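One structure below.
Remember, predicted model here, so these are calculated numbers, not experimental data.
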Amino acid sequence: MSLTSFYRTVFILMRLNDLHYSRAGLHFATAAVLVCGVYLGSLAGSGDFGRLAWVVSGLMLIIYPVTLQPFTWMAALLWAFLDFVHFGFGFKIANSEASLVFGALLVGTTWWRKMRFEPPELTTHWSFRLLKILLIAWLGYAAGHTIFNILNPFSPQDFSLKNLMKTAVQWSAPFALLFYFLTWPPLVFRFGSNIQRAIARLLFVGLITNVLMRAYFLWSGQSAGVSSTEDEVFGVYIPYLDLAENTYATRFLGPFGALFYTVLVTSQWFHKQTAATRALCWIGIALSIIGAVLSGGRFTVAVAVLQIAIVLVVRKKSWVIFAGAVPAAILFLTVNLFSTEVREAPKMVSRSLQWMLINKDFDTVGDISSSTDWRKDVFSRAIHEWRSDWRIFWFGRATYSYSDADTLDMKLRGNEGGLETALRRGSTHNLLSDLLIMFGLTGAILFMVMNLALGLFLLKLWRIPARDDSAQNLALICLIFHIFNVGIGLIAGAAFPPAFSWIVIIVVTSHYFNTREKEQAMPASRSIRADRKRARRQPLGQLNNG
């Protein structure tokens with residue numbers, strides 16, 4: 001028996017939908033569930049949560065291909081929006097690593113399935129083919145670059161395999177997901193009739209969870225997450241589940257949520273929804289602005305507002321912009337009327353609102369100015385290091401180790417220690433200098449051209465007419481977010497969140513589903529048109545006799 005036949009046999013035998021045909025099978029399944037429940041309860045009662053996590057993970061591997069596989073996109077998006085960091089297995093599982101796990105589960109249980117039908121229109125467009133070629137080129141370059149630096153590191157005394165692999169995952173995982181699922185779309189997904197509402201609910205859960213955790217963490221008097229150099233600072237810790245809050249999650253969720261819900265509110269889809277769904281969208285916009293305020297990013301609120309304005313212009317809702325000037329003016333006046341409270345607020349909140357204050361807080365302005373000078377300094381040093389050696393100039397030198405010695409150096413030498421640590425890690429808060437140091441001029445050009453191709457492909461996705469406006473709405477969200485993400489990255493650094501990749505995959509997969517539905521309906525429509533043609537050709541008497 002071949003491996004493919006074995007997998008098919010196993011999954012056929014595991015289908016729970018077939019158990020109702022056999023009373024013995026139903027009894028066996030009930031007994032198995034009871035035994036597992038008792039065993040898991042005993043592990044929880046004894047406090048052996050480590051073994052409990054491993055057992056639950058093993059059970060999920062069994063249950064997943066049976067019933068949960070069509071909902072993988074929901075689990076992946078929910079985790080991406082929550083942006084938790086898990087430590088339960090002795091190592092850190094952040095957003096990128098978790099998305100790779102979801103992708104691997106999906107690939108491992110669907111690669112052998114044969115589902116052939118006519119591809120959608122977008123696969124014949126030049127932007128789709130160009131994007132796939134450039135994705136292959138970037139992933140191949142990143143893989144070869146990683147292997148070469150493992151075998152021949154630029155600075156052996158500073159080499160760290162852990163940091164190198166973490167960098168490789170961060171810069172490759174979103175694009176690896178895109179390439180695989182653009183080529184072989186996950187046709188096992190179950191979207192239902194209202195995919196936009198499902199994503200809106202998942203995003204709402206992520207928003208409200210992170211906003212509440214940020215508010216609790218800040219108002220409890222703690223101040224982690226303000227550092228300019230440490231991008232691995234975690235806030236609220238959830239015991240037993242070994243989950244920690246990413247203190248920078250709202251810097252993504254705030255602007256993205258404002259963009260997402262504004263696109264939905266200005267679409268035709270919005271007017272067909274229930275009152276509860278419409279209220280969720282409006283509350284989502286408000287939560288997104290609050291999340292941007294709590295994020296600590298100096299321009300996060302401004303980016304969220306600017307994205308809302310761009311959506312209104314694209315939707316030709318110019319009158320809403322003028323109407324929105326009233327609440328904007330009220331917000332501006334409120335912030336300045338309570339300027340004392342704003343200045344005395346936690347540092348991250350004060351940083352976010354400082355650009356709206358007339359009488360600014362000198363300490364916060366000084367902190368922002370110092371951070372800006374630090375970014376300029378680290379950028380100039382990165383460019384100087386990039387030019388210092390031919391290997392770095394053309395191919396980069398990857399990342400160096402990061403240990404307790406670097407943390408101690410930052411505490412002892414302040415900004416100077418932070419500058420050197422940022423250069424060692426390749427985290428210079430600028431997309432261009434990050435690419436030049438780690439991947440060289442070759443990698444930087446390849447990466448930027450690939451992102452240009454991705455933008456052109458998203459533009460094509462937005463322009464493709466669809467049966468409903470769900471695919472076009474999601475494509476517009478991804479297009480605007482991608483433009484802002486790359487643009488901000490060239491000024492202040494950027495990451496490519498896995499949530500963005502999953503939504504692009506969902507849009508492409510929805511086009512495949514629509515094409516399949518049209519293909520299945522084609523024979524019936526063709527036969528109807530043929531009957532009408534024959535009827536028009538026949539004389540009236542013969543038609544009546546027939």
Side-chain angles (χ1 to χ4, degrees), residues 8 11 64-65 68-77 80 99 102-136 139 174-200 202 263 267 269 453-479 482 498-526:
R8 288 179 177 175
F11 285 118
Y64 168 76
L68 302 180
Q69 189 184 72
F71 306 101
T72 305
W73 68 273
M74 289 187 177
L77 267 184
S99 289
F102 285 114
L105 285 174
L106 201 56
V107 172
T109 54
T110 59
W111 64 269
W112 48 269
R113 300 191 180 188
K114 309 297 182 184
M115 302 182 70
R116 298 188 180 94
F117 54 87
E118 189 69 21
E121 173 193 351
L122 65 94
T123 59
T124 62
H125 195 257
W126 62 267
S127 63
F128 179 80
R129 295 193 295 268
L130 177 63
L131 176 60
K132 285 180 60 176
I133 292 172
L134 290 173
L135 283 172
I136 294 173
L139 293 173
F175 305 105
L177 289 173
L178 269 181
F179 170 72
Y180 184 87
F181 291 123
L182 287 182
T183 307
W184 299 281
L187 301 176
V188 296
F189 279 2
R190 187 174 299 168
F191 289 147
S193 59
N194 206 332
I195 183 175
Q196 296 177 93
R197 183 178 61 190
I199 298 177
L202 295 173
V263 170
S267 67
W269 167 89
L454 179 56
L456 294 174
F457 174 66
L458 293 173
L459 180 63
K460 172 61 179 176
L461 275 180
W462 175 44
R463 290 180 173 179
I464 293 178
R467 181 183 57 184
D468 53 32
D469 61 352
S470 61
Q472 290 178 314
N473 288 340
L474 296 177
L476 178 61
I477 292 167
C478 292
L479 175 62
H482 182 64
F500 168 78
S501 298
W502 282 109
I503 294 178
V504 175
I505 292 167
I506 289 168
V507 176
V508 174
T509 305
S510 67
H511 279 282
Y512 272 84
F513 277 118
N514 291 338
T515 301
R516 183 170 64 177
E517 292 176 0
K518 292 178 182 178
E519 188 181 65
Q520 293 173 348
M522 191 65 71
S525 61
R526 284 178 178 173

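Nearest heavy atom pair, residue S267 against residue N473, reads CB-ND2, 3.4 Å. In this structure, A471 and H511 approach most closely via the heavy-atom pair CB-NE2, 3.9 Å. Contact record, I195 with I506: CD1-CG2, 2.9 Å, taken as the closest heavy-atom pair. Nearest heavy atoms, A76 versus W502: CB-CE2, 3.5 Å. I505 and T509 make their closest contact through O-OG1, 2.7 Å (heavy atoms, listed as atom of the first residue, atom of the second, distance). When all heavy atoms are compared, the tightest approach of T72 to F102 is CG2-O, 4.0 Å.
In this structure H125 satisfies the side chain to side chain donor-acceptor pair (under 3.5 Å) test together with S127, sequence neighbours excluded. Looking at residues two or more places apart in sequence or on another chain, you find a side chain to side chain donor-acceptor pair (under 3.5 Å) between W269 and N194. Applying the side chain to side chain contact (heavy atoms under 4.5 Å, CB included) rule to S501 yields the partners P174, L178; only residues at least two apart in sequence or on another chain are considered.
Taking the six-membered ring where tryptophan is involved, the planes of F457 and F128 are tilted, since the angle between them lies from 30° to 60°.
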side-chain contact (heavy atoms from CB on, under 4.5 Å) assessment of I503 paired with L77: CA-CA 8 Å; I503 294 178; L77 267 184; 4.0 Å; yes
As a quick check of understanding, evaluate side-chain contact (heavy atoms from CB on, under 4.5 Å) for F181 and V107, giving each step before the final call. CA-CA 9 Å; F181 291 123; V107 172; 4.0 Å; yes
For I199 and W73, what are the C-alpha separation, side-chain angles and deciding distance, and is it a side-chain contact (heavy atoms from CB on, under 4.5 Å)? CA-CA 10 Å; I199 298 177; W73 68 273; 3.8 Å; yes
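Between atom CE of residue M74 and atom CG of residue L202 there is a gap of 6.5 Å, rounded to the nearest 0.5 Å. In this structure, CG on L474 lies 12.5 Å from CG on L479, to the nearest 0.5 angstrom. Rounding to the nearest 0.5 Å gives a distance of 10.5 Å between CG of L131 and CH2 of W126. Between atom SG of residue C478 and atom CG of residue L461 there is a gap of 8.5 Å, rounded to the nearest 0.5 Å. The distance from the OG atom of S470 to the CZ atom of R197 is 12.5 Å, given to the nearest 0.5 Å. H482 contributes atom NE2, which lies 11.5 Å from atom CG of L459 (distance to the nearest 0.5 angstrom).
The residue from L122, L135, L177 that alone fulfils the side-chain contact (heavy atoms from CB on, under 4.5 Å) condition with L182 is L135.
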